[in-house]
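Okay, so here's the structure we're looking at.
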Amino acid sequence: MSANDINVSYVPTWCAGCGNYGIINALKKAMSSLNLDLEQTVLATGIGCASKISQYVNTYRIETLHGRSLPVATGVKLANHNLTVIAEGGDGDGMGLGMGHFIHTARRNLDITYFIHNNQIYGLTKGQTSPTSDLGSITKFTPAPLGNVEQPINIVKMALNAGATFVARGFVGNSTQLVALMIEAIKHPGFAVVDILQPCVTFNHVNTYPWYQQRVKVIDNMEGYDPTSLEKALSFATLWGDEIPIGLYYRNIRPTFNESLPQLSREPLAKQPLDNIDIAGLMKEFY
Amino acid sequence: MSKRYYTCLFAGEAGYGVMSAGSTIAKGANRNGLWPFVVNEYPSLIQGGLNSCLVRLAEQSIASYEENIDFLGLFSQQGFDCYADKLSSDAIVLYDPATTQVDKSKVPAGALLYPVSLASFIPKGGAKIMINSAMLGGFCALTGYPKHIVIDTIKSEFPNAKVQQENILIVEEVYAHVVSSLPSEKIFPFDFQKSADPKILMNGNEAISIAAIKAGCKFSAGYPMTPGSSVLSYLADHGRNFGLVFKQAEDEIAAINMLIGASYAGVRTIGSTSGGGFALMVEALGFAAIAEVPIVMVNAQRGGPSTGLPTRTAQADLNFVVYASQGEFPRIVVAPGDIEECFYETFRVFNLVDKYQVPCIILTDKYLADSSVSHLPFTTDHLTIDRGKIFEERATREEPYLRYQNTPDGVSERAFPGQIGGRHIATSYTHGEDGFYSSGNKEYAINEPTVVVESMDKLFNKLPSMENDIPGIKLHGPADADLTIIAWGSTKGAILEAIEQATSLGISVNFLQVVYMSPFPTTAIELVLQSAKKTLLIEGNKTAQLGTILTAHTGYKADHSLLKYNSRAFVPSEILAKIKEVFF
Ligand SMILES: Cc1ncc(C[n+]2csc(CCOP(=O)(O)OP(=O)(O)O)c2C)c(N)n1
Ligand code: SF4
Ligand SMILES: [Mg+2]
């Protein structure tokens, strides 16, 4: 696979300095170091600044509705389980409208990868509070003086509790680690979630590059780190403040949803022949 | 000679096996030369409430139910209170005096009221549900329905030998008890003959399900909602052997998006729901349309609005299903009128959605979805699969592949993920030929208005050939009839039977059945209406929804209308009464 092959001719419309540039670069690097067959890869995104990533990566892509990347990705994977399926979108997309799908996809342990670009804001709609916005966030929809009064969703904690079998947090400012996490996530057999901290330079003036830079801490070096332990992972997940651990929180192998289906033990559904299906036996049951 | 019918109705609370009693009789009759029509009525409750199972038998093919009850088998007081006024003049009523008081003043003078202490025939410690076998024993004795047919059916339906024997014993005991009290042996009005050509006894949802399997559908997803669910449970159970995967989704939004994902990846898909679930799917319906991903969705209507009447019938989602969208897009909406149309039109729309890359809604209702009717097995030799324009894999090509290439017929080649050379973006945004978003990007900014017009026109360029491909209407009866009935969906059966009766009274009536609601078969309808002398519109809703659509497309207003929205399906007698009213 050539590096050029992954590029499309369109130029991204993200703001200068937007974290999405770092994410798309990391994704391309991860894909090329995995030597992913781009013809056998589907990227399903939602709607938002983050989700526009599907417009700029030359795999098979489906740009779904706001919040619906996961059920679409589910359909793709079940229809053709030989494909590598990646879902991607923003924090609003995934934790707002998409929350139900997120939890259910996690507990199903479907073999797909989910990258969430978490800028703690609704970017594309020009700066409203997101489910991951910190307490007190001042946005168009939660103006001063009160700001956001709702507890933010911690994506890592949510993923762990819902049963995701690969849970990580990356930061776009640590590209080496982010690429490595993406590679591992794509390789993981099961539902793999990477919460990617991504500054929105235009609408989020609190959670900026320096804000994250001062707080992120590579989890691997933290005391008690053990990614095989759900308990440990959950306790690291509670850290969100002066210290924000980044890296692999948890990895576990359990049977995937697609493996549980005998129908998928053969050729993918999409490759099954359709002609001359004999339903005489079905009809006899109604005699 | 006009057709003869015999109608039995069993009624009682849930838990007595009311449906099972009815289905035993219907299956037995179906296997022995008669033509049953079975209507189940039940509330949305797990315990209590009134369940009823009506089995109408005929010697020839049958199209409708009618509430002219010849045999009423009662498991509870409510059953009597509800159905006493629907008894025929010489009806037989079998009841258990322990649970049911019958008020003689409420039944026809010629009716035979027969009390049997049904519960006393259940052996000590036996399950309450076995009371339906006691009912069947009494039913055979009082009506002359052959006991051996009931016993054969019980044998085929209960695989467990012990359960079989217990139930057969109860049938025999009650039969002997009742027969011994009768002056002479009863003779059932119809002959039973083991038929050489077997018939199927099937409901609309089952017909849709097996058609989907026949059409090569390999993926279904859904969320339970009566009366749509039984398509899903049929596919979950029987689909496996055909390699079909059914996925129960977390909600209807997830369900339709899963279908879109699977279809995008190359699989034929079907979902099934009712109005409330369909409401949740509407945004994704437009997604399927603009991304040109074919899907088939069943909306089995129930009473609305909102939660409405979960287990009762209605025809009130027509406007919603035809117009549901933000923005404009073509779709296929088909409203089968009976199980034969459920089967063949479902098979057809699987081909049509692939050919035109549009979403389709199969619009049925509780009455059609859930009522079983006797029918000859469907012949399938002539059915062939057409997947439409599919991209051919190629490693190199001179031209770049354009998923949404503009073509004269509006349809472009679909490439499926995994195909070499077919990479593209499918999107919910309005887009150009390459699938790229038309708005805001500098590549498109200057010519956005042009791209938008082209992309809308592309969708609508499909319409002319879609219209040609769709058997939009059926005209039943003589072209020059004095009265033309206009109707759609499950009212078909009652209308056909009413017309038969009207014809025997010398009234000349025909029936314009609108089968496809979208694209609306305007030309075909106008042709029929040009020579219609007088018209009667019949619909199961309050606001004459087909009437409104008809007027919008043709300017035509029906002369008369018969609208029913009491949660029950039309019966032939009320249609005949209306025919007479407008005719004389
Ligand atoms: C059903 C629906 N509701 C609302 C919108 C408008 N909308 C588009 S993107 C978006 C939020 C984007 O936020 P996020 O998912 O965090 O992505 P970001 O732009 O921040 O990357 C919203 C509300 C929509 N497209 N569809
Ligand atoms: S609004 Fe924010 S997230 Fe969107 S492109 Fe601009 S910087 Fe990036
Ligand atoms: Mg965001």
Side-chain angles (χ1 to χ4, degrees), chain A residues 8-11 13 38-42 44 47 52 54-55 58-68 70-80 82-83 97 100-101 103-104 257 261-264 266-275 277-287, chain B residues 30-31 198-202 206 210 213-216 218-219 221 238 240 242-245 247 249-251 253-255 257-269 283-284 287 291 377-378 380 385 387 416-420 422-429 436-437 440-443:
Chain A
V8 297
S9 57
Y10 294 107
V11 181
T13 50
L38 298 178
E39 308 275 9
Q40 301 291 333
T41 303
V42 173
I47 296 295
K52 285 186 189 284
S54 57
Q55 298 179 6
N58 195 9
T59 63
Y60 274 96
R61 295 150 286 153
I62 180 160
E63 190 172 30
T64 75
L65 296 166
H66 186 40
R68 314 300 171 198
L70 286 176
V72 172
T74 301
V76 172
K77 185 70 184 181
L78 294 177
N80 186 348
N82 289 345
L83 299 170
L97 277 82
H101 310 313
I103 288 175
H104 290 282
F257 180 76
L261 296 169
Q263 298 95 313
L264 302 190
R266 298 176 297 246
E267 281 276 276
L269 301 183
K271 305 263 165 74
Q272 310 272 337
L274 310 191
D275 287 312
I277 293 170
D278 185 4
I279 55 163
L282 292 182
M283 242 169 333
K284 275 210 180 83
E285 292 180 12
F286 294 93
Y287 285 178
Chain B
N30 187 54
R31 289 169 188 168
K199 291 184 267 90
I200 54 175
L201 180 61
M202 189 181 276
E206 289 158 346
I210 62 167
I213 290 174
K214 175 70 190 162
K218 295 292 176 221
F219 183 74
H238 294 77
R240 282 177 299 188
F242 295 84
L244 179 149
V245 169
K247 178 75 203 87
E250 52 271 23
D251 53 43
I253 299 177
N257 280 289
M258 286 178 187
L259 299 184
I260 290 172
S263 178
Y264 164 72
V267 163
R268 286 189 158 184
T269 63
E283 189 194 18
F287 172 27
F378 302 123
T380 58
I385 304 282
R387 296 228 57 190
F416 301 131
Q419 282 189 301
I420 295 163
R423 275 180 284 168
H424 65 275
I425 182 165
T427 178
S428 66
Y429 280 108
F436 201 72
Y437 175 32
N441 299 77
K442 74 172 181 345
E443 294 83 353

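All values below were derived from every heavy atom in this structure, side-chain atoms included, with hydrogens, water molecules and symmetry-related copies excluded. Keep in mind that what you see is a predicted model, and the values were worked out from it rather than measured.
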Rounded to the nearest 0.5 Å, how far apart are NZ of B/Lys218 and CG of A/Leu78?
15.0 Å
Just by modelled atom types, is the B/Gly418 backbone N or O under 3.5 Å from a matching donor or acceptor in the A/Glu39 side chain?
no
Across all chains, not counting sequence neighbours, the side-chain hydrogen bond (donor to acceptor under 3.5 Å, both in side chains) partners of A/Ser54 are A/Thr45
Please evaluate residues B/Phe242 and A/Leu282 with respect to the criterion side-chain contact (heavy atoms from CB on, under 4.5 Å), reporting the C-alpha separation (whole Å), side-chain torsions for both, the decisive distance (0.1 Å), and the verdict.
CA-CA 11 Å; B/Phe242 295 84; A/Leu282 292 182; 3.8 Å; yes
Measure distances from B/Leu259 to the heavy atoms of chain A and classify the residue's part below 4.5 Å as side chain, backbone, both or neither.
neither
So which part of A/Leu261 gets closer than 4.5 Å to some heavy atom of chain B, the side chain, the backbone, both or neither?
side chain
Does any heavy atom of chain A fall under 4.5 Å from the side chain of B/Ala221, the backbone, both, or neither of them?
neither
Please classify the contact of B/Arg240 with chain A as side chain, backbone, both or neither, using a heavy-atom distance under 4.5 Å.
both
Of the backbone (N, CA, C, O) and the side chain (C-beta and beyond), which part of A/Leu264 lies under 4.5 Å from a heavy atom of chain B, both, or neither?
side chain
If I measure from the heavy atoms of chain B, does A/Asn82 come under 4.5 Å with its side chain, its backbone, both, or neither?
neither
Decide side-chain contact (heavy atoms from CB on, under 4.5 Å) for B/Phe287 and A/Ile62; before the verdict, give the C-alpha distance in whole Å, the side-chain angles of both, and the deciding distance to 0.1 Å.
CA-CA 11 Å; B/Phe287 172 27; A/Ile62 180 160; 3.9 Å; yes
Please classify the contact between A/Glu285 and chain B as side chain, backbone, both or neither, with a heavy-atom cut-off of under 4.5 Å.
side chain
Any chance you could measure B/Ile253, atom CD1, to A/Arg68, atom CZ, to the nearest 0.5 Å?
4.0 Å
Can you find a pair of side-chain heavy atoms, one from B/Asp251 and one from A/His101, that are under 4.5 Å apart?
yes
Please list, chain by chain and in numerical order, all residues satisfying side-chain hydrogen bond (donor to acceptor under 3.5 Å, both in side chains) with B/Arg268, sequence neighbours excluded.
B/Asn351, B/Asp354
Indicate yes or no for a side-chain donor-acceptor contact from B/Tyr264 to the backbone of A/Arg61 under 3.5 Å, with no hydrogens or angles considered.
yes
Could you look at A/Pro273 and say if it's the side chain, the backbone, both or neither that has a heavy atom under 4.5 Å from chain B?
backbone
Quick one: what part of A/Thr41 sits under 4.5 Å from any heavy atom of chain B, side chain, backbone, both or neither?
neither
If you define the side chain from C-beta out and look only at heavy atoms, does anything of B/Lys199 sit under 4.5 Å from A/Tyr287?
no
A/Ile47 backbone acceptor or donor facing B/Tyr429 side chain under 3.5 Å
no
Contact class of A/Lys52 relative to chain B, heavy atoms under 4.5 angstrom
side chain
What's the separation between atom CG in A/Asp278 and atom OG1 in B/Thr380, rounded to the nearest 0.5 Å?
7.0 Å
Under 4.5 Å from a heavy atom of chain A, the part of B/Ala291 involved
neither
Using atom types as modelled and distance alone, determine if a side-chain donor or acceptor of A/Gln263 lies under 3.5 Å from a backbone N or O of B/Leu244.
yes
